[in-house]
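Notes follow once the structure below has been shown.
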Amino acid sequence: MDSRSHTPVTAALRLCLHALLTGLLALVAVRAVGEGAPHAGAVVALTLVTAGVYGAGALAGRPGPTRTTPVQPEGRARALAASMRPGTRAAALWLAALCALWLGLLVLSPDALWVAFPLYFLQLHLLPTRWGVPAVVVTAAAAITSFVVHRQEIAPGAFIGPLLGAAVAIATVLGYDALFRESERRRELIVELVATRAELAEAERTAGTLAERERLAREIHDTLAQGLSSIQLLLRAAERTLPGDAPAAAHVRAAREAAQANLAEARSFVRALTPPDLEHGSLAAALERLCARTTGPDLTVRFAVSGTPVELPTPYEVALLRTAQSALANTVRHARAGRAEITLSFMDTSVALDVVDDGRGFDPSGAPVAERGDGGFGLPAMRSRAATLGGTLSVESAPGQGTALAVTLPLAGPRRSQERAA
């Protein structure tokens, strides 16, 4: 048995069991000698042998070093006598020897029937319940029979005493087993709660790490990447205005290539860090800042709001802002547009974002330049964002006729979901 199960309570119970059996054996021997029983010598010798067998079993079964293998609750519930058994078979043989010696004492002395009470506990602890209870019943019957044979009389106490002791022993042991199982369940629940708390703490740390990664991705995409893209475009315009043999042309070209290389590296960081979530705040204000940041010498970007603004779920704001950023990035890099407009429209059952430019356009049935590997957020990503939220993405464009992109998200479903969540 695992020594961890030897609590102060079970240790005290074992000591009480040792003291009870030893005291009753001593009582049998003393009464046999004091009353001058015919077989007093045999009674004393048999009590000494019984005490020796009991003591040998108790000493042989003392717990050793703590084992690492878990012990089943049914085995640990038998803590009273567990320290007295080296193994299941040895414990059964030891118990059989004690019962045989006790039966011998019953034949020689009527006082030996009192030893039945500690035997009840040993039988219930050392044997499975399906064998322990019948063994207790047989032991009680043997004690009653011994009393009747020795006293040559039938008295109510001869039946009540052993039967009452057997009932108390069975109730005590079964109740202890039930309490122990309940304690084990509580212990397992506590272990599970501690493990769950550790998992939650790890999840919070992971969430914090991901949030920081997303923040870095947002900063890189919204500042460094956009700034490097603007620098590249300005250097490209300056390179076109310089004569081919100008001394500064080589430096401008080198600066443009360096900006292009750093822009590609910044976009690779954004892809590695995953798209960030939108910070809590006004979507309209974020779109207006985006337009102001994108406006330059060759491109004017305007922003407008249509309808009555309402509070949107955070996933909606993330999707709309990212769509606007992606669309404007494609406009700046590929459309060669002079004017672009972003319109955020709030309607009764939906919210829509329109991005329109007067650039060179493209064929929507083919793969636009922005989706052929050198961009970060293309049309498939925009369409996937909209579809995830139950919305749609439409693109209208033709070569030389500009591009109009519109994403529409439903409002009724999310509002109901928010109300249910609240």
Side-chain angles (χ1 to χ4, degrees), residues 206-226 267 269-271 273-295 301-332 340-357 370 375-395 403-422:
T206 302
T209 302
L210 292 177
E212 181 62 17
R213 288 165 61 91
E214 291 175 354
R215 187 189 68 82
L216 291 175
R218 181 183 63 249
E219 296 298 331
I220 293 173
H221 180 269
D222 293 347
T223 58
L224 294 179
Q226 299 295 341
R267 284 174 177 150
F269 282 137
V270 172
R271 287 192 296 268
L273 293 174
T274 71
D277 290 336
L278 182 71
E279 293 181 350
H280 294 290
S282 171
L283 173 63
L287 292 173
E288 189 170 9
R289 288 194 300 269
L290 174 65
C291 293
R293 188 166 57 244
T294 309
T295 296
V301 183
R302 299 183 182 277
F303 172 70
V305 177
S306 175
T308 303
V310 296
E311 184 177 359
L312 297 176
T314 299
Y316 275 40
E317 295 183 343
V318 172
L320 294 175
L321 179 59
R322 286 294 168 260
T323 300
Q325 290 174 336
S326 301
L328 281 185
N330 291 335
T331 298
V332 171
E341 294 182 1
I342 295 180
T343 304
L344 181 62
S345 303
F346 294 92
M347 294 167 281
D348 292 337
T349 59
S350 62
V351 58
L353 179 74
D354 298 278
V355 182
V356 181
D357 65 62
F377 305 96
L379 289 178
M382 301 183 203
R383 189 169 286 108
S384 175
R385 288 181 186 274
T388 300
L389 298 175
T392 58
L393 175 73
S394 61
V395 179
T403 302
L405 181 148
V407 58
T408 304
L409 302 177
L411 284 179
R415 282 177 176 173
R416 285 196 296 267
S417 300
Q418 286 182 321
E419 291 173 359
R420 286 196 298 266

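In this text, all values refer to a predicted model and were calculated from it rather than measured experimentally. Atom set for the values below is all heavy atoms of this structure, side chains included, hydrogens, waters and symmetry mates excluded.
Shortest non-hydrogen contact noted between Phe303 and Cys291 is CB-SG, 3.6 Å. Residue Gly390 comes nearest to Pro410 through the heavy atom pair O-CD, 3.5 Å, listed as atom of the first residue, atom of the second, then distance. Heavy atoms only, all atoms of each residue included: Leu283 and Glu317 are closest at CD1-O, 3.8 Å.
When Val407, Asn330, Val355 are each tested for a side-chain contact (heavy atoms from CB on, under 4.5 Å) with Met382, only one passes: Asn330.
Legend: residues meeting side-chain contact (heavy atoms from CB on, under 4.5 Å) with Thr294, ordered by chain and number and at least two apart, are Leu290, Leu299, Val301, Leu328, Val332. With sequence neighbours left out, the side-chain contact (heavy atoms from CB on, under 4.5 Å) criterion links Ala319 to Arg385, Leu389. In this structure, Thr323 has no side-chain hydrogen bond (donor to acceptor under 3.5 Å, both in side chains) partners at least two apart in sequence or on a different chain.
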Does the pair Thr349 and Leu411 meet the rule for a side-chain contact (heavy atoms from CB on, under 4.5 Å), with working shown? CA-CA 5 Å; Thr349 59; Leu411 284 179; 5.6 Å; no

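Expressed to the nearest 0.5 Å, how far CG of Leu409 lies from OG1 of Thr392 amounts to 8.0 Å. Summarising the geometry, atom OH belonging to Tyr316 is positioned 13.5 Å from atom CD belonging to Glu311; distances are rounded to the nearest 0.5 Å. In this structure, CD1 in Ile342 is found 11.0 Å from CD in Glu288, a value given to the nearest 0.5 Å. Atom OG1 of Thr331 sits about 12.0 Å away from atom CD of Glu341, to the nearest 0.5 Å. Atom CG of Asp357 and atom CG of Leu405 lie 9.5 Å apart (nearest 0.5 Å). In this structure, the separation between OG on Ser384 and CG on Leu379 is 12.0 Å, given to the nearest 0.5 Å.
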